[in-house]
Amino acid sequence: MPKYAQIVMGPAGSGKSTYCSNIVRHCEALKRRVFVINLDPAAEVFDYPVLADIRELVSVEDVMEDESLRFGPNGGLVFCMEYLSSNFDWLEEQLDNVLEDDYVLFDCPGQIELYTHIPVMRQLVERLETSWNFRLCGVFLMDSQFLIEGAKFVSGILTALAAMVNLEIPHVNIMSKLDLLSKQSRKELDRYLEPDLQDILDTDMPSGSTAFQKLNSALATMINDYSLVKFVGLDPTDEESLNEALMQIDNAMQYGEDLEPKDTLEELEPEEIQNDYGL
Ligand SMILES: Nc1nc2c(ncn2[C@@H]2O[C@H](COP(=O)(O)OP(=O)(O)OP(=O)(O)O)[C@@H](O)[C@H]2O)c(=O)[nH]1
Ligand SMILES: [Mg+2]
């Protein structure tokens, strides 16, 4: 039987750590066991209990204080993540208490270079899948306030695609912080959750330069043809949206398919089964 993990990614401040603590709270109510591992060596605040914290192995603060290394914050973060990849034994030890069927959230740093050309996240994914028997789903959060507009939307989905093509694992995009959207943006939300990119570009960016119009159009065709990008909206004030996100992620990594019935549904109250699994 495998173990399961979400690799929680997304730009700085997109809501990764808040998402992890909301999922922990939501799963407690469902009587589901979830662990969180902080993999952000620059993390300052999070309010979930951790199974492991990379800062016990190495932290950006320590690296920046080291006179011989002389790194700034970004170089320091890359150094820390490379240090992790040379010390996967440490992570393996931390995962000792994770049993078959257990579920782990990895709260990752936001720097996009970790998902484009620096190999550490790819190496981590390979180690989790092939040596430690995990089934994985990449969960990519993006702040809705930076998405509801043509040009921002195109940049946002290219960032998500970079992580998707680099890691090659099942992938769910989450549009976070819906509670902060204006009334006007909320009205437009559906157009962005299941986007027709060409339509968005035609409406929002009708008069760009011809060269960029061609490029955008080619991107739109590729993304539409392969159904590459859609989003689950997340509003932390709406428990149903958390439930929807969790179900999509569970489906993506086939969580629950191998579980014995007693481990899942029988432990739940009848109303919970009705509400949370739509049975
Ligand atoms: N209103 C609202 N605020 C949110 C939501 N999610 C996160 N925030 C706030 O946004 C800020 C950043 O959230 P974090 O969860 O720390 O984001 P992060 O992606 O972990 O950030 P880094 O680890 O620094 O990359 C915090 O002030 C959160 O309280 C949300 O869904 N709604
Ligand atoms: Mg964080």
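As the structure lists them, so they are numbered: ligands from 1, and atoms in each ligand from 1.
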- Query: With the threshold set at 4.0 Å, does a side-chain nitrogen-carboxylate oxygen contact exist between E168 and R122?
  - Reply: yes

If you measure from each heavy atom of P236 to ligand 1, is any distance below 4.0 Å?
-> yes

Looking only at side-chain N and O atoms, does D202 offer a donor or acceptor that is under 3.5 Å from a partner on Q198? yes

For atom 32 (N) of ligand 1, the closest protein heavy atom turns out to be D179 OD1, 2.9 Å

Any heavy atom of L141 under 4.0 Å from ligand 1? The part involved is neither

Atom 8 (N) of ligand 1: of K177, E44, M9, the nearest heavy atom sits on K177

Under 4.0 Å from one or more heavy atoms of L180, ligand 1 contributes atoms 1 (N), 2 (C)

task: State whether any protein heavy atom lies less than 4.0 Å from atom 27 (O) of ligand 1.
output: no

Could you check whether D235 pairs with R186 (Lys NZ or Arg NE/NH1/NH2 to Asp/Glu carboxylate O, under 4.0 Å)?
yes

Q | Residues Y48, D107; criterion side-chain hydrogen bond (donor to acceptor under 3.5 Å, both in side chains); working and verdict | A | CA-CA 11 Å; Y48 47 72; D107 186 4; 2.5 Å; yes

**Prompt:** Any nitrogen or oxygen of D107, main chain or side chain, under 3.5 Å from a nitrogen or oxygen of ligand 1?
**Reply:** no

- Message: Using a strict threshold of under 4.0 Å (side-chain N to carboxylate O), is an ion pair present between D204 and R191?
- Response: yes

- Message: For ligand 1, which is the ligand I care about here, please tell me if K16 has any N or O atom under 3.5 Å from one of the ligand's N or O atoms.
- Response: yes

So the atoms of ligand 1 within less than 4.0 Å of a heavy atom of A12 turn out to be 25 (O)

So the atoms of ligand 1 within less than 4.0 Å of a heavy atom of D40 turn out to be 23 (O)

| query | Looking at Y103, is R33 sitting on its ring face, NZ or CZ under 6.0 Å from the six-membered ring centre and within 45 degrees of the normal? | reply | no

Between R32 and D250, does at least one N-O distance fall below 4.0 Å, as a salt bridge requires?
-> yes

Minimal heavy-atom distance between P11 and F140, with the atoms involved, is CD-CE2, 3.9 Å

When distances are taken from atom 21 (O) of ligand 1, the protein heavy atom at minimum range is G13 N, 3.1 Å

In this structure, atom 17 (O) of ligand 1 is nearest to the protein heavy atom G15 N, 3.1 Å

- prompt: Given the side-chain rings of F153 and Y192, with only the six-membered ring counted for Trp, is the space between their centroids under 6.0 Å?
  reply: yes

Does a side-chain N-to-carboxylate-O contact under 4.0 Å join R25 and E28? no

T18 heavy atoms within 4.0 Å reach ligand 1 at atoms 6 (N), 7 (C), 13 (O), 14 (P), 15 (O), 28 (C)

When you measure from the Mg ion (ligand 2) to the N, O or S atoms of T18, does any of those distances fall below 2.8 Å? no

Consider ligand 1: state whether an atom of it lies below 4.0 angstrom from any non-hydrogen atom of G10.
no

